[in-house]
Amino acid sequence: MTLTKKYAWRSMPFLFFLVLASFQSCTDDSLNSSDFEAGEAFTNSNIRVYEIDTVTVSTSTMKFDSLATSSASRMLIGQYNDPVFGTVKASSYAQVLPTSYTIDTDSEFDSIVLYLKPDSYYYNDTLLTNNIKIRRITQDLKPDNGEDYFYNTSTVAYDDTDLGSISFTPRPITADSLEIKLSDSFGIEIFENLQDQLIVNDDEFTNALKGLAFIPDDSDDGSILGYSYDTASTYIRLYHSIPESDERVQSYTDLQINMLDSPTPFFLSITAQNPIEPLQTLTDKEIDLKSEDSGDLSFIQSGVGIAMKISFPYIKRLYDINGSGTILDAVLKIKPAEQSYNDNLMLSDNLSVFKVDQNNALTEQLTIDGATVVSATLNTDNQEFNEIYYEIPLSTYIEEILTESPETNESLILFPSDYISEVNRFILQGNSKDSFETVLEITYAIYDED
C-alpha cells in the first residue's frame, strides 16, 4: 500500500467495520464526535473505517468571459430555442484562398459552388428544417487590438445580401456534402480577377474578398450542425471551361478555408440569448451563481462558456475525528436533473475536470500525480431505475486539499472536452438538504486513536 507523508500505515490484521458518519451542513457546520462511534466491535482492533457520504459539497455555476474559438476543431452553423439556455446560435467566419492564381485566357466562367461536408456532430432536433446563408465579410478578418485569437463573442461586419443559401433537413451522419450554388456575379468577379491577373497573391485576394460568413436564418429553430473545414471536405469550386470545336474542356479552381495564417482568420460565434433569469446574472467570470439560488441546479453550456463549479468548504473537518487517518477512496457523484436530457439534448459520456482559482481563472487540468487525467464519467449501469450520474475519482485531490499549506482556495469546474467546438448543454443537481443529488462518498480509515 502506498505511504503518504502525513500518514503511516501499520501492517497488521484488522477488522473492516463500515460506519455511516455524518458532517453537519447546518449553520455552524459542526461535527458531532458521537456520529463516529464504532462500538465495541473494535475493542481489539487498531483501525476503523468510516464511510462518509454527507460532506458538504458547494455547487455553483460560472461563466467565462469568452472562449478562443479560432482553434475550434470544426465549423458550427445553426440555431435552436432552448427553454433554459435561450436562443442558441452558432455561425462560422472564415477567410478563403484560391489554390491557383492562374486561369487560362481561353477559359469561360461556368458556375461557382460551395461544398460543405458534415462531420457527424449535431445538437438538438435534426427533423426540423435548417437554413444556411453565405454572406460576404466587409472588414479585415483580424482579431481586435492585436490579439492572437478570435473568441466566441467576437463580431465582424458582413453584407446583408446572400451570396448563396440553402434550406434543408439535416442528415448529419451521412457522408454527403451540402452543395450550395453561389451567385454568378460573385463567381464572375473572382474568375475575371484571376484570369486577367488583377489578383496574383494571397494579400491581394484577401483585400478583394476579406472572408465569408456562414450563418443560420434568424427564424431557425432546429439544430446546430458541425462541418469539417478540412481542404478535402469543405471548399468553393469555381468551374470554368475552354470551348473546343466539338466539346468544352472542363476545369476548376478551388477556394479553401485558410487555417494556416497566424492569427488564424477563422472563428466560431456562439451565443445564447434570453436564457432563464438566474443565468442572466452571469455577466462576469468572477460571479458564482450558487445552486441554491437557481433551483438547486448547476449548468454547463459548451461554446458559450458556462461551467459547473464544485468545492468542499469543510473537508478539513475530517480532522475532527479523533486519531490519525487516511483517505482510502473518494468519489464525487453528480446526477443530471430529471427530464433535462433526451435524444436531442444528449449527455456526454465524459466531462473534463479542471481547477480554478478564487477568481475563477483556469489553473490546470485535474490529474493524478500530474500524469493520469481525471474525468467525470457517465455511469449508466442502473439506467432502467433512472440511476444515471457522473462520477469523479477524487482520492488524490482530497488528500491534496487536506495536506496543502498554505491553502489555495481552488475549486473544480466541469465542462466537455471539446468545449469550444460544440454547444452541448447540461443541467445538474446541486446539493440541497432535501435531495443530496450531488454527493462526495469518502472511505476514511482511522488508526492510532488516542
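Using a 4.0 Å cut-off between charged side-chain N and carboxylate O, Lys309 and Asp288 make a salt bridge. Asp418 has a carboxylate O that lies under 4.0 Å from a charged side-chain N of Arg74, or vice versa, which qualifies the two as a salt bridge. Lys117 and Asp230 are not joined by a salt bridge, as no carboxylate oxygen comes within less than 4.0 angstrom of a charged side-chain nitrogen. Here Lys210 pairs with Asp140 in a salt bridge; the nearest charged N to carboxylate O distance falls below 4.0 Å. Salt bridge Asp162/Lys133: present, at least one basic N to carboxylate O contact under 4.0 Å.
The shortest heavy-atom contact between Asn360 and Phe64 is O-CE2, 3.9 Å. Closest approach of Gly164 to Ile180, counting heavy atoms only: C-CG2, 4.1 Å. The two residues Ile420 and Ala68 come nearest to each other via the heavy atoms CD1-O, 3.4 Å. Across all their heavy atoms, Gln365 and Val353 have their closest contact at CG-O, 3.4 Å. The nearest pair of heavy atoms linking Glu410 to Tyr397 is O-OH, 3.9 Å. Scanning both residues, Pro172 and Thr126, for their nearest heavy atoms gives CG-CG2, 4.1 Å.
When atom types are taken as modelled, the side chain of Thr234 and the backbone of Ser228 share a donor-acceptor pair closer than 3.5 angstrom. Looking at Tyr229, its side chain does come within 3.5 Å of a backbone N or O of Ala72 through a donor-acceptor pair. For Asp369 (side chain) and Ala371 (main-chain N/O), no donor-acceptor pair under 3.5 Å exists by modelled atom type. Between the side chain of Ser411 and the main chain of Val356, no donor-acceptor pair closer than 3.5 Å is present. Remark: the backbone N or O of Ser219 is paired with a side-chain donor or acceptor of Asp217 at under 3.5 angstrom. Without hydrogens or angle criteria, Asp82 side chain to Val84 main chain gives a donor-acceptor distance under 3.5 Å. Between the Ser92 side chain and the Leu76 main chain, a donor and an acceptor come within less than 3.5 Å of each other. A donor-acceptor pair under 3.5 Å is formed between the side chain of Ser421 and the backbone N or O of Ser73. Between the side chain of Asp357 and the main chain of Asn359, a donor-acceptor pair closer than 3.5 Å is present. Remark: side-chain polar atoms of Asp284 are paired, donor with acceptor, to backbone N or O of Glu286 under 3.5 angstrom.
No donor-acceptor contact under 3.5 angstrom links the side chains of Thr59 and Thr438, judged on distance only. Between the side chains of Asn344 and Asn124, no donor-acceptor pair of N or O atoms lies under 3.5 Å. Side-chain atoms of Asn409 and Gln358 include no donor-acceptor pair closer than 3.5 Å. Side-chain contact annotation: Tyr341 with Asn424, donor-acceptor N/O pair under 3.5 Å absent. Side chain to side chain, Glu404 and Thr408 meet the donor-acceptor criterion of an N or O pair below 3.5 Å.
Under the 6.0 Å cut-off for aromatic ring centres, Phe267 and Tyr93 qualify, their centroids lying closer than that.
Distance check: Ser294 OG to Asp296 CG gives 8.0 Å after rounding to the nearest 0.5 Å. How far OG1 of Thr87 is from CG of Asn81: 4.0 Å, rounded to the nearest 0.5 Å. From Asp53, atom CG reaches atom CG of Leu440 across 9.5 Å, with rounding to the nearest 0.5 Å. Atoms CZ and CG, from Arg136 and Leu212 in turn, are 8.5 Å apart once rounded to the nearest 0.5 Å. Taking CZ of Arg425 as the start and CE of Met346 as the end, the distance is 11.0 Å to the nearest 0.5 Å. Here the straight-line distance linking atom CG of Leu412 with atom CZ of Phe354 works out to 11.5 Å at 0.5 Å rounding.
Between Leu97 and Leu255 there is no side-chain heavy-atom pair separated by less than 4.5 Å. Within the 4.5 Å cutoff, the side chain of Glu422 has no heavy atoms near those of the Tyr123 side chain. Using a 4.5 Å heavy-atom threshold, the side chains of Phe299 and Met308 count as separate. The closest side-chain heavy-atom distance from Val57 to Ile334 is not below 4.5 Å. Put simply, the side chain of Thr380 does not reach to within 4.5 Å of the side chain of Tyr389, judged on heavy atoms. Residues Leu279 and Phe85 have side chains in contact (heavy-atom distance under 4.5 Å, counting atoms from C-beta outward). Leu318 has its side chain within reach of Ile52: a pair of non-hydrogen atoms, C-beta onward, lies under 4.5 Å apart. Here the side chains of Thr169 and Leu127 are not in contact, with every heavy-atom distance at 4.5 Å or above.
For NZ of Lys290, the number of neighbouring non-hydrogen atoms (other residues, nucleotides, ligands) closer than 6.0 Å is 12 at most. Annotation for Lys181: atom NZ counts as buried by contact number, over 12 foreign heavy atoms lying within 6.0 Å. Atom OH of Tyr122 has 12 or fewer neighbouring heavy atoms from other residues, nucleotides or ligands inside a 6.0 Å radius. Shown here is Glu338, whose CD atom has no more than 12 heavy atoms of other residues, nucleotides or ligands within 6.0 Å.
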Step-by-step side chain to side chain contact (heavy atoms under 4.5 Å, CB included) determination, Leu128 to Ser223 = CA-CA 8 Å; Leu128 302 175; Ser223 58; over 6 Å; no
Check against side chain to side chain contact (heavy atoms under 4.5 Å, CB included), Ile446 and Ile47 = CA-CA 6 Å; Ile446 295 292; Ile47 190 167; over 6 Å; no
So Tyr80 and Asp220, side chain to side chain contact (heavy atoms under 4.5 Å, CB included) or not? Walk me through it.
-> CA-CA 6 Å; Tyr80 72 94; Asp220 280 0; over 6 Å; no
In sequence, state the C-alpha distance, the side-chain angles, and the governing distance for Thr129 and Ser167, and then conclude on side-chain hydrogen bond (donor to acceptor under 3.5 Å, both in side chains).
-> CA-CA 7 Å; Thr129 300; Ser167 181; 5.1 Å; no
Any chance you could lay out the side chain to side chain contact (heavy atoms under 4.5 Å, CB included) test for Phe214 and Leu114, step after step, and finish with the verdict?
-> CA-CA 11 Å; Phe214 305 77; Leu114 166 65; 3.7 Å; yes
Go through the steps for Asn350 and Ser375 under the test side-chain hydrogen bond (donor to acceptor under 3.5 Å, both in side chains), then give the verdict.
-> CA-CA 6 Å; Asn350 296 280; Ser375 298; 5.1 Å; no
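Ring planes of Phe415 and Tyr419: parallel class, angle under 30° (limits at 30 and 60°).
Residue Lys333 is tested with Glu387, Gln429, Glu441 for a side-chain hydrogen bond (donor to acceptor under 3.5 Å, both in side chains); the sole match is Glu441. The only option from Leu289, Ile306, Ile413, Ile287 that meets the side-chain contact (heavy atoms from CB on, under 4.5 Å) definition with Met62 turns out to be Ile413.
Under the side-chain hydrogen bond (donor to acceptor under 3.5 Å, both in side chains) criterion, no residue pair touches residues 61-72, with sequence neighbours excluded.
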